[in-house]
Amino acid sequence: MGDPLRCDSGLAIRPLLALIVLSCGPSDPHGVAAEPDITPPACELAANLRAWQSDNGAAAIDVAPIADSDPSCTLAISTPGLRGIVDLGLATRELDVAAYRGKRIRAHAELQVVPDPRSGFSLALLGLQAHGATPHAAQDDLLDGPAGAWRSFDICMDVPPDAQDLTLELTQTCRSVTRLRRLDVDIVDAAPPTRFTLDESIHEKHLAVLARAFGHLRYFYPAHASTRAWHQLAADGVTAIAPATTPTTLIAALNEWVEQIGPDIEFSQRSGDDPPQNPAAPGWHHHGVAGARSLFRSEFTPPLNDPPGLVDADIGLGLRIRYPRAFAGEPTPRSLPPRPASSPCAALDNPGSQRLATVISVWALLNQFYPYHAVMRSEWDHALTLALPAAAKATTQTDLLHVLRRMLANLHDGHARVFHAAQRPCALPLQWRWIGEQIVITATPDTSTGLAIGDVVEQIDGVDAARRLADALAEVSAATTSSRHDLALRLLREEPTNPTTTLLVTNPAGRHSVDLPCTAGPQPAPHRDPVESLADDIIILRGEALNPRTLATEAARIADAAGIVIDLRGSTSAHSAAPVVPHLLDTPVLTPALAPLETRSPDPGGVTLDELHRSTITPVAPRWTAPVAFLIDERAISAAESDLAPVHEHHLAPIFGATTAGTTCDINEVWFPDSFRVRWTGCLAFTSDGMLFHGLGITPTHPVAPTVEGIRAGRDEVLEAALAWLAEQH
């Protein structure tokens with residue numbers, strides 16, 4: 001059974017709305033793009049897309065013949081604007097969910113993707129989304145392979161019986177172009193899933209050996225393949241070693257498994273220390289880690305004059321792996337041997353090995369390329385031994401999401417996150433913070449919720465709030481304790497267990513329960529004017545006001561101010577002190593230094609610091625003469641911290657509040673075939689005196705913590721402390 005759509009004289013596809021994270025181009029005055037003519041003569045196209053969504057007229061849909069001699073045509077979807085690396089366009093087509101509930105479906109597509117060569121960030125994903133009580137998603141990374149080539153993709157999904165809607169989605173960054181010449185959706189027969197049972201006394205240790213071996217071959221063996229292919233190889237390895245019960249049978253299974261990767265790979269049981277490696281030998285050299293959307297890159301050094309060299313390494317249980325870094329006379333890495341043909345939905349027939357492959361793939365990636373293992377004492381090997389049996393017991397994508405989060409929590413990295421396409425885009429309509437060892441409500445949309453500012457949360461869905469917070473803390477990665485609490489509360493707010501959450505809260509008037517739905521859209525926050533004049537001729541600049549345009553507009557008020565407050569609490573890369581700092585300088589200062597690691601071999605001696613990247617901040621007129629105070633807290637992270645660092649290091653102004661998140665530098669991000677996306681801090685950040693920034697953050701010169709009593713009274717105690725200091729300057 002299929003659900004084809006054809007482009008002929010009876011079908012019109014028109015752009016409606018667009019989901020654009022940042023504006024992708026000039027706006028149509030009415031917010032809707034003009035309807036294009038997409039029905040040229042003799043054009044026939046199977047396209048399972050309903051419409052572009054565009055609220056700024058940037059999306060473009062066009063149909064053209066494949067060639068002059070070919071009556072068929074392609075559907076071209078483009079987003080021509082570009083302002084930032086997160087500009088996204090989304091094309092969707094809703095399917096008849098009633099026809100597919102409880103069934104396995106396959107979306108077969110033939111596409112060509114041309115990414116934007118001017119951007120360091122490119123994204124193109126084709127996916128299926130099922131929303132309901134048990135949301136489900138399946139995605140394929142269209143850029144995980146040769147860009148610009150026509151390629152076939154098969155996306156399979158077991159549609160939940162309770163699915164409320166079912167959508168085909170095509171997502172891409174601006175100025176990319178995706179062309180489709182076929183897109184069909186069919187119901188396919190589902191084989192009974194193969195259950196993978198894990199004998200924890202044996203298989204857990206064997207899987208850990210496989211994970212270490214996989215990491216070696218994935219990043220240092222002279223072969224090249226897509227992430228999709230390597231992921232399937234990891235799943236094949238899980239299946240291959242399952243029957244092994246002794247080191248001897250494990251070695252035999254591993255040696256048989258690697259035959260589908262390439263020659264000259266050997267597993268053996270030998271004693272002795274790791275032989276010295278030659279990091280300069282030809283082979284893969286990684287600057288961070290490569291990926292279509294990565295800020296970093298990987299390069300292959302051909303074996304011309306230098307001998308290729310070998311890797312001989314311990315992989316646990318007394319086993320060793322040995323393989324070449326390159327093949328003599330071969331200037332490029334080899335392609336993987338062709339795989340036997342399999343069902344497009346074969347991965348769904350063996351979900352246990354696929355979920356274990358995801359854990360192995362993510363662990364191997366971060367084992368090699370997370371730069372702060374030693375600094376943060378990540379206990380990454382131990383994290384693997386806990387994640388493997390948990391993944392073997394997982395039965396849903398949500399179960400595996402929790403497993404991966406708990407594993408990444410061991411990184412102690414404020415940027416580290418695991419995302420999945422099936423996550424519900426809703427949150428509780430409130431804001432809360434960890435204050436005085438309690439969860440305290442700090443913002444609500446209105447009084448109709450039954451909540452009040454300053455309410456203390458005692459229970460969440462009948463469970464003690466401290467216990468729910470502890471569960472969330474176990475799934476949060478953060479570099480500082482205060483940031484970890486903030487991120488855990490965000491997790492509880494953005495991913496409630498039930499569609500309606502019951503809170504038991506207390507305040508001076510007593511105790512009562514409140515039922516809150518999980519709602520989409522912007523969440524409530526305390527009202528704060530971007531620019532506000534306070535008493536005694538003090539002016540405060542907040543978040544969204546910290547940009548050159550606003551500073552120029554407000555130049556007269558700033559010049560006449562008796563004092564200036566810069567509020568960076570809760571700021572991220574979108575709201576930072578970068579435009580402010582030049583107005584505080586007499587002489588140029590340097591920003592923190594950022595540097596990825598260059599990895600030339602899998603042993604520690606093959607990892608070196610890459611080139612330091614540092615900018616100079618030069619003074620900008622007018623220099624502000626009024627005293628300035630900064631406000632910060634644990635929510636300030638990444639660029640907000642980097643831009644504030646010169647203020648802290650050069651004592652340009654006092655800083656009030658709490659220590660920031662202690663996490664900055666560029667973010668690296670990798671997509672996996674099973675719709676999981678993993679990101680982490682991809683490089684090292686150093687202060688001007690050579691200290692590592694990670695885990696330290698910006699410490700306030702004047703520590704101030706809000707209190708429950710102050711919040712209930714409507715006071716801003718951090719701001720009050722800054723205003724008291726400004727008053728003393730006069």
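Since this is a predicted model, take the numbers as computed values, not measurements. Just so you know, these numbers use all the heavy atoms, side chains as well, and skip hydrogens, waters and symmetry mates.
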>> What's the separation between atom CG in L126 and atom CZ in F153, rounded to the nearest 0.5 Å?
In response: 8.0 Å
> Would you call R228 and D140 a salt bridge, using N to O less than 4.0 angstrom?
Replying inline: yes
>> Looking at D189, I want to see if its CG is surrounded by more than 12 non-hydrogen atoms of other residues, nucleotides or ligands under 6.0 Å.
In response: no
> Is the shortest distance from a Lys or Arg side-chain nitrogen in R417 or E475 to a carboxylate oxygen in the other one below 4.0 Å?
Replying inline: no
> With a 4.5 Å heavy-atom cut-off, do L95 and L128 have their side chains touching?
Replying inline: yes
>> Less than 4.0 angstrom from a charged side-chain N to a carboxylate O is my criterion; do E495 and R490 meet it?
In response: no
> In terms of side-chain geometry, is the basic nitrogen of R635 or D486 positioned less than 4.0 Å from the acidic oxygen of its partner?
Replying inline: no
> Within a strict 4.5 Å, meaning less than it, do heavy atoms of the T501 and D515 side chains meet?
Replying inline: no
> D184 and H108: side-chain donor and acceptor closer than 3.5 Å?
Replying inline: no
> Does R151 pair with E110 as a salt bridge, N-O distance under 4.0 Å?
Replying inline: no
> Between R104 and D349, is there a side-chain N and carboxylate O pair less than 4.0 Å apart?
Replying inline: yes
>> In terms of relative ring orientation, are F214 and W230 parallel, tilted or perpendicular, with 30° and 60° separating the classes?
In response: perpendicular
> Strictly by modelled atom types, are D413 and S477 linked by a side-chain donor-acceptor pair under 3.5 Å?
Replying inline: no
> Out of Q129, H131, Q397, which residue meets the side chain to side chain donor-acceptor pair (under 3.5 Å) rule with H136?
Replying inline: Q397
